[in-house]
Amino acid sequence: MSISQILEKIFMPRKCILCDDLVEHESSVPFCEECSLEWLSNLDMLCAKCGFDCDYCTCLPDKVREISSSLATFGVFYTPNVQTPANRVVYRLKRDYNFEVIRFCAEIMHKKIIKLCAKHSINYKDFVVTYPNRRRKSERKYGYDHAKLLAKELAKKLGVDVIECFENVGKKEQKALDKTDRLHNASESYILIDNIDIKGKSIFLVDDVMTSGATLNICAKKLIFAGAKRVIPVAFAKDTKPNTSNFNE
Ligand SMILES: [Zn+2]
Ligand SMILES: [Zn+2]
C-alpha cells in the first residue's frame, strides 16, 4: 500500500451509504458488511408481474410503455412506502448530499443502459442525457438537485452530453398524489426551457424512480414535441408492482 493510500485510509474513511458505518477501502460496494447483505437481498427481489429479478424484468408502467414501447430500463426494484435498501438509497439520494450515493446509482444505471443498447443494437454515443428537474422549493431546501447530479454523472460515464431541458415550477410533490392527479401535476410542473435545441436528438431521460411513470411520460412527450427523435426513459429504481396491463413481452 502506498503512503497516499495509507493517508487516504486514515483521513478519508469510507462510510456506508446506508448507515454511515466504516467501509473497507477495497470494498467494491459502498456498504458495510451488514448493509451489503441487505443490498444483495434487494437484488433478489422479484417482479410481482413476471417473476423475474431486476436484471431480466422488462415490465414497464403503462405510461412509460406508451411513450417508449419496450425501450426503457431501470436499475433495481423498490417497493413504495416499504423500507427496502433501494428505498433507503433513494431517500439518501434526495435528502442527504453524498457523492458516493450519486456515483453508486449512476453506475447501476450505466450498466443497464449498456445492456439495453447492446440488446437493441443502439449506439448510446448518439444520445444526450436530460432529466426532470427537482422542484425549486425542494432544491432550496436540500441544497441540490439530485436528478441533475445523477444525469451529469451518468452522462460522464457514457461519454455523452447533458442538456438541461426543463424547469420545474410545480407546487406539489408527485409522491403525495394519486395516479390520476400525477399526470396533471407533471404536465403543469415541467416546463420546457425556451430555445433548447434538441431537434433530431436521441435522449436518455433520467430519473430516480419509476412509479406510475407519469413524470417520464409527460417529459418524454414534451421532448418529442420539441423535436427529439426518440426518448429512452431510465430510472434507478422501479416499483415491483408496475401499473401495467400488458406485461408479457
Ligand atoms: Zn451499513
Ligand atoms: Zn416484470
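Nothing fancy with the numbering, it's 1 onward along the sequence. Remember, it's 1-based here, ligands and their atoms both numbered in the order they're listed.
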*Are R88 and E38 close enough for a salt bridge, meaning some N to O gap below 4.0 Å?*
yes

*asked:* If I only include protein atoms of type N, O or S, how many are less than 2.8 Å from the Zn ion (ligand 1)?
replied: 4

*asked:* Less than 4.5 Å apart, side chain to side chain, heavy atoms only: is that true for T84 and V76?
replied: no

*Could you list all the ring pair (Phe, Tyr, Trp, His ring centres under 6.0 Å) pairs where at least one residue sits in residues 181-215, not counting sequence neighbours?*
F127-F204

*How does the hydrophobic cluster around F77 look, that is, which other residues are in it when side-chain heavy atoms under 4.5 Å mark a link?*
M45, F74

*Y131: which other cluster members, linking ILVMFWY side chains closer than 4.5 Å, directly or transitively?*
V162

_I need the C32 SG to K15 NZ distance, nearest 0.5 Å._
13.0 Å

